[in-house]
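A quick write-up on the structure given underneath.
Computed from a predicted model, the values in this text were never measured in an experiment. Chain identifiers are assigned alphabetically (A, B, ...) following the order of the sequence lines, protein sequences preceding nucleic acid strands; residue numbering begins at 1 within each chain.
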Amino acid sequence: MARLRGFWEGSSRNPAKRVQFDRPLTPWLFVLPQLLIVAIFFYWPSVQAVTSSFYLEDPFGFGSTFVGMDNYTDAISSREYRRIAGFTAFFAVMVTALSLSIGLLLAVKADKVIRGASAYKTALIAVYAIAPPVSGLIGMMFFDMHMGPFTEMAAWFGYEMKVGINYNDTAFALILVAVWKQIPYNFIFFLSGLQSVPVSVREAALIDARSGWRRFKDIVLPLLAPTAFFLLIINITYSLFDTFAIIDVMVKDKPANNPMTLVYKVYLDGFKGNDIGGSSAQSVILMVVVAALTVAQFRFLERRVHYG
Amino acid sequence: MGQISFKSVGKTYAGGVTAVSDVTLDVAEGEFIVLVGPSGCGKSTLLRMVAGLEEITDGEIDIAGRVVNRLDPADRDIAMVFQNYALYPHMTVKENMAYGLKNRRTPKAEIEARVAEAARMLELQPYLDRKPRALSGGQRQRVAMGRAIVRQPAAFLFDEPLSNLDAKLRVSMRMEIRKLQRRIGTTSLYVTHDQLEAMTLADRLVVLNGGKVEQIGKPLEVYHRPASTFVASFIGSPAMNLLDARVEGGQVWLGGAAMGPAGRAEGPVTLGIRAEDLRPAPASQGVALKVEHVEELGSGRVVHGHVDGQALAVSMAPGLPIGDVLHVGAAPEALHLFDTTTGRRIETRTRAAELVL
């Protein structure tokens with residue numbers, strides 16, 4: 001955990017920079033607003049979710065019955081739940097891999113641009129300012145069955161794209177929009193990561209290695225590892241949770257059998273199906289899985305990361 | 001093998017700024033050349049042009065018989081030591097040194113042998129498996145040297161390699177660099193703004209000013225016969241005294257005193273005299289210096305004052321009495337005359353006098 005803390009604290013690991021407070025309560029006063037926010041919006045609902053996951057709630061609010069682990073066994077034994085879990089895993093891997101690699105590629109290219117660099121960067125970063133539901137809407141327009149340019153493009157190749165009806169087509173569109181939305185975020189971080197690689201180190205590499213790919217692989221990439229590791233965690237979290245709005249806009253009001261992620265199913269079961277207990281159980285499972293994933297990443301992957 | 005030749009080399013940036021112009025220089029195999037000048041004089045740019053980190057816009061640079069203008073830095077057969085060492089932070093000392101060789105497909109055994117040899121020479125054996133951040137400044141500097149040495153290149157390029165070290169370490173590293181270069185015999189170009197470093201390291205000095213070469217020569221040659229007022233004021237500490245004087249009747253006149261003979265047409269000249277060439281003289285022969293301030297250096301002292309309204313510094317042995325007014329003079333051969341407008345040296349000495357020097 002010490003290393004994890006160091007990761008977030010950055011340079012404040014230097015003891016000389018530590019602030020000393022005269023009264024022991026002062027620092028708590030400073031972190032209080034943050035703690036309150038975390039408590040109200042994270043711990044309290046989490047505790048609520050865990051509690052209600054053991055109850056079967058009446059859909060209309062007339063009392064609840066303790067059912068033990070039934071909600072959990074119901075969820076895990078459901079074929080539909082496992083299918084959606086499978087899609088969620090696929091979705092998360094695709095979105096994370098694609099948005100990270102494309103973001104990195106664009107950052108590497110943008111880093112080399114000298115003339116017109118700021119216009120180029122602004123154009124790439126601007127996408128990030130788009131709110132998720134809006135990007136979902138834009139995605140819907142692109143994949144509209146009557147006038148969407150992507151649908152038309154597919155038609156040139158003789159393929160009839162039916163986003164909202166065909167499971168695979170919808171999955172494709174969801175991934176594409178989710179990736180598109182996340183690229184600027186990764187781009188900004190990778191670009192600033194690249195720009196923090198010392199110029200003289202790059203020049204030394206220029207003298208040591210002829211091949212640009214080698215220099216990138218051996219020198220630049222390892223120095224980007226802290227950034228990449230941070231982004232990996234953020235991206236997985238994004239693909240699992242923050243894509244909700246995109247999915248909602250693109251899947252809602254469509255005929256059934258559309259792909260969705262676990263978060264969306266939690267929402268559907270809880271708020272559309274009024275099965276609060278079952279939905280709580282699912283969200284607890286999700287929480288545990290994501291927590292385990294993050295811990296595993298810190299345990300196994302962070303070891304290979306070199307913090308400058 | 002390791003000659004470098006510059007043929008009217010120049011560098012003009014896209015914006016039209018000229019950083020280096022018309023540098024012509026032949027560096028012999030094994031020679032230690034120091035490029036020296038104030039910041040912004042183009043010395044680093046020139047070095048980076050040799051390395052291939054800056055484009056050569058005019059002329060040609062030739063390393064070991066190949067014109068390198070169009071070659072990649074990796075293909076120029078040079079190794080560079082950077083001011084801030086530029087070590088790869090994620091690699092161990094050993095990996096840092098081996099990286100350039102690995103990329104050149106050097107056999108593994110050969111890499112091992114060369115790294116071991118360099119580590120021995122630089123006393124880096126205990127640190128081979130450490131990362132750069134676990135090393136002190138001097139050790140990092142040595143690793144950077146090691147990275148250059150293992151490559152066995154045609155030339156070493158040093159870009160102010162000692163300026164990040166503290167004063168004491170700088171002196172010892174300076175000697176180490178010189179000893180090492182003598183032992184290995186690799187042609188070296190060394191950039192510094194420190195004239196003392198330049199004097200002590202160089203086989204030959206290249207003094208640069210405003211992107212142009214002011215003077216090329218052996219350190220003592222440059223010291224004793226500066227080609228211009230710029231070189232005169234830049235090389236040597238304290239800086240050479242430069243004073244407005246006149247030549248009249250075959251004599252240089254300063255503040256009403258005849259300083260020495262000058263075989264030159266009458267008129268104003270800039271007179272240069274090194275502080276250590278000035279000696280106390282009888283009142284009838286010397287020029288009167290109004291003493292204002294004395295710097296005690298222990299081994300000697302520097303007397304600052306004014307002559308005829310112009311600042312003058314005199315180095316003196318300790319213990320000599322100093323009054324309010326000091327009469328000083330210099331041997332005729334210690335007088336340097338420069339043109340007042342161009343700043344170039346005016347030769348006054350006979351051939352015999354040059355031979356004595």
Side-chain angles (χ1 to χ4, degrees), chain A residues 2-3 6-7 9-17 104 111-117 190 192-230 232 301-308, chain B residues 13-15 44 47-48 50-54 63 68 71-92 95-106 111 131-134 140 143-148 150-151 153-157 159-161 164:
Chain A
R3 285 198 304 165
F7 175 66
E9 285 169 3
S11 60
S12 65
R13 259 182 299 181
N14 181 352
K17 283 187 187 160
L104 177 60
D111 191 37
K112 287 184 183 145
V113 175
I114 297 167
R115 226 168 280 176
F190 274 132
S192 76
L194 280 171
Q195 287 174 346
S196 70
V197 175
V199 176
S200 61
V201 168
R202 287 180 189 222
E203 288 178 344
L206 213 56
I207 291 171
D208 272 347
R210 179 182 308 131
S211 137
W213 165 245
R214 268 216 119 101
R215 290 197 296 270
F216 179 73
K217 178 174 73 78
D218 295 342
I219 309 296
V220 177
L221 211 52
L223 296 180
L224 270 186
T227 311
F229 178 68
F230 163 75
L232 179 70
L301 211 59
E302 203 210 8
R303 226 172 268 173
R304 296 158 172 246
V305 173
H306 169 91
Y307 296 109
Chain B
Y13 285 102
S44 276
L47 190 79
R48 292 165 56 81
V50 179
L53 302 172
E54 299 274 356
I63 302 173
V68 296
L71 293 182
D72 277 342
D75 293 329
R76 295 193 177 192
D77 198 18
I78 46 98
M80 186 151 168
V81 179
F82 292 83
Q83 178 174 358
N84 54 6
Y85 325 127
L87 300 176
Y88 308 125
H90 58 293
M91 293 187 185
T92 62
E95 287 165 342
N96 259 288
M97 292 205 264
Y99 184 63
L101 293 174
K102 245 193 322 199
N103 286 316
R104 287 177 174 78
R105 309 244 164 102
T106 314
I111 296 181
K131 297 261 174 74
R133 69 174 150 174
R140 288 181 204 185
V143 177
M145 296 273 301
R147 193 165 64 178
V150 295
R151 289 264 324 279
F156 291 145
L157 309 178
D159 190 4
E160 308 218 14
N164 280 12

What part of [X] lies closer than 4.5 angstrom to a heavy atom of chain A: side chain, backbone, both or neither?
| X | result |
| --- | --- |
| B:Leu101 | neither |
| B:Lys131 | side chain |
| B:Arg104 | side chain |

Task: Ring-face cation contact, B:Tyr88 with B:Arg147, 6.0 Å cut, 45° max - done: yes

Task: Pair A:Arg210-B:Asn103, side-chain donor/acceptor within less than 3.5 Å - done: no

Open item on the list: Shorter than 4.5 Å, heavy atoms on both sides: which option in A:Val201, A:Leu206, A:Ile219 has the most such pairs with chain B?
Closed with: A:Ile219

- [ ] Give a yes or no on whether the backbone of A:Ala225 and the side-chain of B:His90 come within a donor-acceptor separation of less than 3.5 Å.
- [x] no

TODO: Run the numbers on A:Arg214 and A:Asp208 for salt bridge (Lys or Arg N to Asp or Glu O under 4.0 Å), then give the verdict.
DONE: CA-CA 10 Å; A:Arg214 268 216 119 101; A:Asp208 272 347; over 6 Å; no

